[in-house]
Visitor: 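Following this message is one structure expressed as C-alpha cells.
Lettering of chains follows the sequences in order, A, B, ..., and the numbering in each one begins at 1. Here the structure is a predicted model, which is why all the values come from computation and not from measurement.
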There are 2 protein chains.
Amino acid sequence: MNLEPTKRQHAVLRMIESHRSAGEPPPTFREIGQNLGIASVSAVAKHVQALRRKGLLNLSDGRSRSLDVISPLRALQNPVVHIALFGSIPAGYPQHREQEADACVSVDIETLGFKPTRNTFALRVSGDSMIGRHIVHGDVVVLEHGPEPRPGDIVAALVDGESTLKTFVRKNGRPFLKAENPKYPDLMPAEELMIQGVFKALIRKAKE
Amino acid sequence: MNLEPTKRQHAVLRMIESHRSAGEPPPTFREIGQNLGIASVSAVAKHVQALRRKGLLNLSDGRSRSLDVISPLRALQNPVVHIALFGSIPAGYPQHREQEADACVSVDIETLGFKPTRNTFALRVSGDSMIGRHIVHGDVVVLEHGPEPRPGDIVAALVDGESTLKTFVRKNGRPFLKAENPKYPDLMPAEELMIQGVFKALIRKAKE
DNA sequence: GTTATAGGTGAACAGATGTTCACCTATGAA
DNA sequence: TTCATAGGTGAACATCTGTTCACCTATAAC
C-alpha cells in the first residue's frame with residue numbers, strides 16, 4: 001500500500017496542521033469540508049480514514065475535535081509558553097503589563113530552560129553594550145523579575161528611563177553594574193538603580 | 001463587580017491554559033468537571049459563565065471545545081512551528097530525518113524571522129569556534145538546507161564526520177570556510193565539504 | 001469490458017457536548 | 001433574619017459531531 005498522501009489528503013493534513021499551529025482547536029469534519037469545498041461529511045471521513053491507514057493522522061474516537069497530525073516530532077514536543085516582549089519598560093516592574101506588550105515571543109519551556117512565571121518578560125536589545133557576553137544589537141532577551149542577581153548575572157536595569165542590560169558584580173562587598181564593552185568602562189552603583197530582571201535566555205535571528 | 005476570578009474559577013482557567021500549552025484540544029465542560037472533581041456539568045457551566053462575565057474566557061457558541069483563555073498576549077501571538085534538533089548529522093542532509101531527532105524546538109515564526117520548511121533543522125553548538133560571531137558553546141542554532149550561502153553567511157558543514165559551524169567566504173573567486181576563532185585560523189576549501197545548511201536563528205539559555 | 005481506488009453527494013443515526021432548569025448548601029453582607 | 005453570591009447535584013434537551021450506508025463519477029490497471 002502506498003503510504004504517501006494524495007493531493008487532496010495532503011490538503012486535509014495541512015488544514016489540520018495550520019489550525020494547530022495557530023493555536024486554534026482542531027477542525028471538525030464539517031469545518032474541513034467547508035474549508036476545502038466538500039459538501040459531504042462522509043467524503044471528509046474517507047480522507048481521514050485513508051490518512052489514518054497511512055499512519056499520518058490520529059483520531060481518538062468518542063471525542064470531538066480530536067484530529068491530530070502524527071509526526072515523529074510530536075512525541076518530542078514540550079509545552080509552549082507565551083512571553084510579552086517590550087521595547088523598553090518605562091518605569092517600575094514588568095508584572096501585569098501584558099496589555100502594553102509590543103509583541104509576543106512563543107517558545108517551548110525545554111528550549112527556554114525554565115518555566116516562566118507572571119514575572120517573566122522579554123526585551124529587544126539595543127546597542128552593543130553586552131558584546132563581551134556575546135549579546136548583540138537586535139537580540140531578544142528573556143528575563144525574570146524577582147530573583148536576587150548573583151555576581152556575574154546579566155540583568156536589565158532602568159538607567160536614565162531606559163531598560164538597559166548590564167552585568168551584576170560585587171566590589172568591596174558592594175553591588176555594581178557594568179557594561180560588557182570596553183567603550184563603556186564605567187561601574188554604576190547598583191543600589192540606586194532599579195533592577196527589572198535577570199537574564200534567562202536569548203533568541204537571535206539572522207540579519208535580513 | 002469584582003473582575004478577579006475566585007480560586008475555583010482560577011483552577012478552571014489553569015486547566016484550559018494547560019491544555020492549550022500542551023497542544024491538546026481545549027477540554028469539554030465534562031472533562032473540566034472530571035479533572036476538578038465536579039460531578040455536574042452545570043456547575044462547570046456556571047464557572048465558565050462567571051469567567052466570561054469577568055472578561056477572562058472566550059466561548060464561541062454553537063461550537064464544541066471552543067473555550068479560550070483571553071489574554072492581551074493572545075492577540076499578538078504568531079503561529080508556532082516545531083523544528084527537529086540534532087546533536088549532529090552524521091552524513092548527508094537533514095531532510096526526512098525527523099525520526100532521528102534528539103529533541104524538538106518550538107518557536108513562533110515571527111521570533112524565528114522566517115517560515116521554516118521541511119529543510120529546516122536545528123543543531124546544538126559544541127565548542128567556541130564561532131565565538132567571533134557571538135555564537136557560544138551550548139547554543140542552539142536553526143539552519144536551513146538549500147539556499148546557496150552568500151559570503152559572510154554562517155553555515156553548517158560536515159567536517160570529519162561532524163556537523164560544524166563555519167563562516168562562508170570567497171577568496172580569489174573560490175569559496176572557503178573559516179572558523180571565527182583566532183585559535184583556528186585555517187581556511188578550508190568549501191568545494192570538498194558538504195554544506196548542510198545556512199544559519200537562520202539562534203537560541204541560548206542562561207547557564208544553570 | 002471488469003475491477004479497484006480516489007473523490008464526491010445526501011441522508012439517517014448515535015453519541016458527544018453546551019444549555020437550561022429546579023433544587024440544595026455554605027458564607028458573608030445588610 | 002433576609003438576601004446575594006459562590007459552589008454544587010441531577011436531569012432533560014437541542015445541537016454539534018463522528019459514523020455509516022447507498023449511490024454516483026472519473027481514472028487507471030488488468
Visitor: Salt bridge between A:Arg74 and A:Asp68, side-chain N to carboxylate O under 4.0 Å?
Guide: yes

Visitor: Of the options A:Glu4, A:Lys54, A:His47, which is the one that meets A:Gln9 in a side-chain hydrogen bond (donor to acceptor under 3.5 Å, both in side chains)?
Guide: A:Lys54

Visitor: In Å and rounded to the nearest 0.5 Å, what is the CD to OG1 distance from A:Gln196 to A:Thr164?
Guide: 8.5 Å

Visitor: Decide if atom CE of B:Met188 counts as having more than 12 heavy atoms of other residues, nucleotides or ligands within a radius under 6.0 Å.
Guide: no

Visitor: Which residue lies toward the 5' end of DNA chain C, A:His47 or A:Val41, if each is placed at its nearest nucleotide?
Guide: A:His47

Visitor: Which sits closer to the 5' end of DNA chain D, A:Pro27 or A:Lys46, going by the nucleotide each is nearest to?
Guide: A:Pro27

Visitor: Can you give me the bend angle of the helix from C:dG1-D:dC30 to C:dA30-D:dT1? Use the axis through the first five pairs and the one through the last five, nearest 10 degrees.
Guide: 20°

Visitor: Quick check on contacts: within residues 55-65 of chain A, what sits under 4.0 Å from DNA chain C by heavy-atom distance?
Guide: A:Gly62, A:Arg63, A:Ser64

Visitor: Flag the pair B:Cys104 / A:Gln77 as yes when at least one side-chain heavy-atom distance between them is below 4.5 Å, and no otherwise.
Guide: yes

Visitor: To the nearest Å, how far apart are B:Gln49 CD and D:dA6 P?
Guide: 12 Å

Visitor: Here's a test of your reading of the structure: between A:Arg52 and B:Ala50, which maps to the more 5' nucleotide of DNA chain D?
Guide: B:Ala50

Visitor: Mind checking whether A:Pro149 and A:Ile195 have side chains closer than 4.5 Å, heavy atoms only?
Guide: yes

Visitor: Would you say B:Thr111 and A:Leu85 make side-chain contact, with heavy atoms under 4.5 Å?
Guide: no

Visitor: Report yes or no: is the cationic atom of B:Lys171 (NZ for Lys, CZ for Arg) closer than 6.0 Å to the six-membered ring centre of B:Phe176, at no more than 45° off its axis?
Guide: no

Visitor: Tell me whether the count of non-hydrogen atoms from other residues, nucleotides or ligands lying under 6.0 Å of NZ in A:Lys207 goes above 12.
Guide: yes

Visitor: With sugar-phosphate meaning primed atoms plus P, OP1 and OP2, does B:Ala39 contact a base, only sugar-phosphate, or nothing at under 4.0 Å between heavy atoms?
Guide: sugar-phosphate

Visitor: Expressed in angstrom and rounded to an integer, what is the separation of B:Leu51 atom CG from D:dT5 atom P?
Guide: 16 Å

Visitor: What I want to check is whether the side chains of A:Thr117 and A:Glu144 have a donor and an acceptor closer together than 3.5 Å.
Guide: yes

Visitor: To the nearest Å, how far apart are A:Arg8 CZ and D:dT27 C1'?
Guide: 16 Å

Visitor: Under a criterion of less than 4.0 angstrom to any heavy atom of chain A, what are the 5'-terminal and 3'-terminal contacting nucleotides of DNA chain C?
Guide: C:dA6 to C:dT17

Visitor: Between CG of B:Leu202 and NE2 of B:His134, what distance do you get to the nearest 0.5 Å?
Guide: 11.5 Å

